[in-house]
Amino acid sequence: MAPKFPESVQALRAAGNESFRNGQYAEASVLYGRALRALQARGPSDPEEESVLYSNRAACHLKDGNCRDCIKDCTSALALVPFGIKPLLRRASAYEALEKYHLAYVDYKTVMQIDNVTSALEGINRMTRALMDSLGPEWRQKLPSIPLVPLSAQKRWNSSPFQKHKETAKNISKETTTTKTRGDAERARVLKEEGNELVKKGNHKKAVEKYSESLLFSNRESATYSNRALCYLALKQYKEAVKDCTEALKLDGRNVKAFYRRAQAYKALKDYKSSFADISSLLQIEPRNGPAQKLRQEVKQNLN
C-alpha cells in the first residue's frame, strides 16, 4: 500500500526534500509536483515559493538524466524569479549534457555575473573548449546574447547567509559533476562504437581518431585502449600499441586481447622475451587459446 503524504504545500515540499536526500528522485519529483499544484490551486501564489518548487523538481530530473524536463522546469523557475543561481546552473548542466554548448555557456556566464561560483567557472572553461572545437575561432560571434544581470538580483543573492551561500554552490557543483560524468561516459561509449565500426571497414587510421576522442571523455575503459592498440598494430605503430595495451592491462589485468596484442607488438619490435612473457600470462587465463598457442611457438623459435 502506497504511503500517504500530507497535502499542505510546506509539508509536501519537506517530504520532497527528504525523498531527494534519500536518493528517491522520482518520488521527490512527484511530491514537488503535488506541492506546485496545491500552491497554484490557492489562487495568486508566492512566485518565490513556486520558483523553488520548479527548481527542486528540476534537480530531480537532472539526477535521473531527464535533461529536457529539467530545462523546462528551470525555465519556469526563472520566469517567476529571474537570475536564480540554482535553476541557472541546473539548466546549464542539462544543456551541457545534451551538447547544447552555446546555451550552457550563456547560463554559466549569467551565473558568473551574480557570484563567483566555481562550478560555473569550470563550466565556462569546458564550454569554451567545446565551442572552439565545433565552431572554430569565431565561436563567440555565433553565441546568443548574454543577459545583463541587474544589481537587484546580485543583492538578493549576496544577502543570503554566508554558510547557505557556500552550501548552495557546493550542492550545485555536485549536481553538475554528476550529470557531466554521465554525459561523458555516454559520449565515450558512442565514440568507441563508431571506432569499432571503422575497424570493421578496415579504416584503422580513422578508428584511432575515434578511440582517442572517446578516451578524452572517459579513460577508464580497458577495451578502448586495447581496440586502439589493434589499429596501431595494423598501422605498424608498434610502440604505440605496446603503450595502449599496457594502459588497458592497468585497468583490467585479465584483458586477454591486450596481452595478445602487446605480445604481437613486442614480437614485431624483436623483444621476444617480453612477447613470450605476455603470451604465457594470456595462456594462464585461457589455456586453450589457439592463436596464442601458435604465437608462442613462433616466438619460442626466435628465443632459441
Inset, instruction - Over all heavy atoms of both residues, which pair between Asp244 and Tyr232 is shortest? Give the atoms and the distance, please. - result: OD2-CE1, 3.3 Å
Inset, instruction - Without swapping roles, check the side chain of Ser214 against the backbone of Ala188 for a donor-acceptor pair under 3.5 Å. - result: yes
Legend entry - Leu12 vs Leu53 side-chain heavy atoms within contact, under 4.5 Å: no
Inset, instruction - Give a yes-or-no answer on whether the side chains of Tyr211 and Asn196 include a donor-acceptor pair shorter than 3.5 Å. - result: yes
Legend entry - Output field: ring centroids Phe20/Tyr25 closer than 6.0 Å: yes
Legend entry - Ser119 OG to Ile124 CD1 distance, which is reported to the nearest 0.5 Å: 10.0 Å
Legend entry - Tyr95 with Ile146, same ILVMFWY side-chain cluster at under 4.5 Å: no
Inset, instruction - Is it possible for you to say whether Leu235 and Leu269 belong to one hydrophobic cluster, with membership spreading through side-chain heavy-atom contacts below 4.5 Å? - result: no
Inset, instruction - Determine whether Arg91 and Leu78 make a side-chain contact, defined as any pair of heavy atoms from C-beta on separated by less than 4.5 Å. - result: yes
Inset, instruction - Determine the minimum heavy-atom distance between Ala77 and Pro87, stating which atoms define it. - result: CB-CB, 4.0 Å
Legend entry - Connected via hydrophobic side-chain network under 4.5 Å: Met127 and Val117: yes
Legend entry - Minimum-distance pair of heavy atoms, taken over all atoms of Ala130 and Tyr101: CB-CD1, 3.6 Å
Legend entry - Backbone of Glu18 reached by a side-chain donor or acceptor of Asn22 within 3.5 Å: yes
Legend entry - OH-CG distance between Tyr260 and Asn255, expressed to the nearest 0.5 angstrom: 14.0 Å
Inset, instruction - Starting from the C-alpha separation in whole Å, work towards a yes-or-no answer on side chain to side chain contact (heavy atoms under 4.5 Å, CB included) for Leu131 and His102. - result: CA-CA 7 Å; Leu131 288 164; His102 59 301; 4.2 Å; yes
Inset, instruction - Could you walk me through whether Tyr32 and Asn17 pass side-chain hydrogen bond (donor to acceptor under 3.5 Å, both in side chains), step by step? - result: CA-CA 9 Å; Tyr32 292 137; Asn17 293 345; 2.5 Å; yes
Inset, instruction - Side-chain contact test, heavy atoms from C-beta onward, threshold under 4.5 Å: evaluate it for Arg13 versus Glu49 and give yes or no. - result: yes
Legend entry - Euclidean distance, Ser55 OG relative to Ile85 CD1, rounded to 0.5 Å: 11.0 Å
Legend entry - Any side-chain heavy-atom pair of Arg42 and Val9 under 4.5 Å: yes
Legend entry - Any Ser93 side-chain heavy atom under 4.5 Å of Leu62 side chain: yes
Legend entry - Lys192 vs Lys210 side-chain heavy atoms within contact, under 4.5 Å: no
Inset, instruction - Considering non-hydrogen atoms only, spot the tightest contact between Ala292 and Ile279 and give its length. - result: O-CG2, 3.4 Å
Legend entry - Residues Tyr108 and Glu96: side-chain donor-acceptor under 3.5 angstrom: yes
Inset, instruction - For atom CZ of Arg21, decide whether the heavy atoms of other residues, nucleotides or ligands shown that lie under 6.0 angstrom number more than 12. - result: yes
Inset, instruction - Compare all side-chain heavy atoms of His61 with those of Cys67 and state whether any distance is below 4.5 angstrom. - result: no
Inset, instruction - Decide, yes or no, whether a salt bridge links Arg228 with Glu240 under the criterion of side-chain N to carboxylate O below 4.0 Å. - result: no
Legend entry - Flag, side chain of Gln113 to backbone of Val149, donor-acceptor distance under 3.5 Å: yes
Inset, instruction - Check for a donor-acceptor pair, side chain of Asp46 on one end and backbone N or O of Glu48 on the other, with a separation under 3.5 Å. - result: yes
Legend entry - Co-membership, hydrophobic cluster, residues Leu282 and Leu249, 4.5 Å side-chain: yes
Inset, instruction - Kindly determine whether Ile71 and Leu98 satisfy side chain to side chain contact (heavy atoms under 4.5 Å, CB included), including the steps that lead there. - result: CA-CA 10 Å; Ile71 290 166; Leu98 293 173; 3.7 Å; yes
Inset, instruction - State, to 0.1 Å, how close Val208 and Cys231 come at their nearest heavy-atom pair, and which atoms those are. - result: CG2-CB, 3.4 Å
Legend entry - Single-linkage hydrophobic cluster, 4.5 Å side-chain cutoff, Val199 and Val190 together: no
Inset, instruction - Kindly indicate whether the side chain of Val106, heavy atoms from C-beta on, has any atom under 4.5 Å from the side chain of Pro147. - result: yes
Inset, instruction - Would you name the heavy atoms of Lys267 and Tyr272 that are closest together and state the gap between them? - result: O-CE2, 3.7 Å
Inset, instruction - Could you name each residue pair satisfying side-chain hydrogen bond (donor to acceptor under 3.5 Å, both in side chains) that touches residues 132-147, not counting sequence neighbours? - result: Tyr105-Arg140, Glu138-Gln141
Inset, instruction - Give a yes or no on whether the backbone of Ser226 and the side-chain of Arg261 come within a donor-acceptor separation of less than 3.5 Å. - result: yes
Legend entry - Point-to-point distance, once rounded to the nearest 0.5 Å, from CG of Asp115 to CE of Met112: 8.0 Å
Inset, instruction - With rounding to the nearest 0.5 Å, note down the distance linking OG in Ser275 to CG in Leu295. - result: 5.0 Å
Inset, instruction - For Lys257 and Leu230, run side chain to side chain contact (heavy atoms under 4.5 Å, CB included): C-alpha distance rounded to whole Å, both residues' side-chain angles, the deciding distance at 0.1 Å, then the answer. - result: CA-CA 9 Å; Lys257 289 181 179 179; Leu230 172 66; over 6 Å; no
Inset, instruction - Decide yes or no on side chain to side chain contact (heavy atoms under 4.5 Å, CB included) for Glu221 and Leu251, but give the supporting numbers first. - result: CA-CA 7 Å; Glu221 180 65 48; Leu251 293 166; 5.9 Å; no
Legend entry - Gln264 side, atom CD; Glu298 side, atom CD - distance, nearest 0.5 Å: 9.5 Å
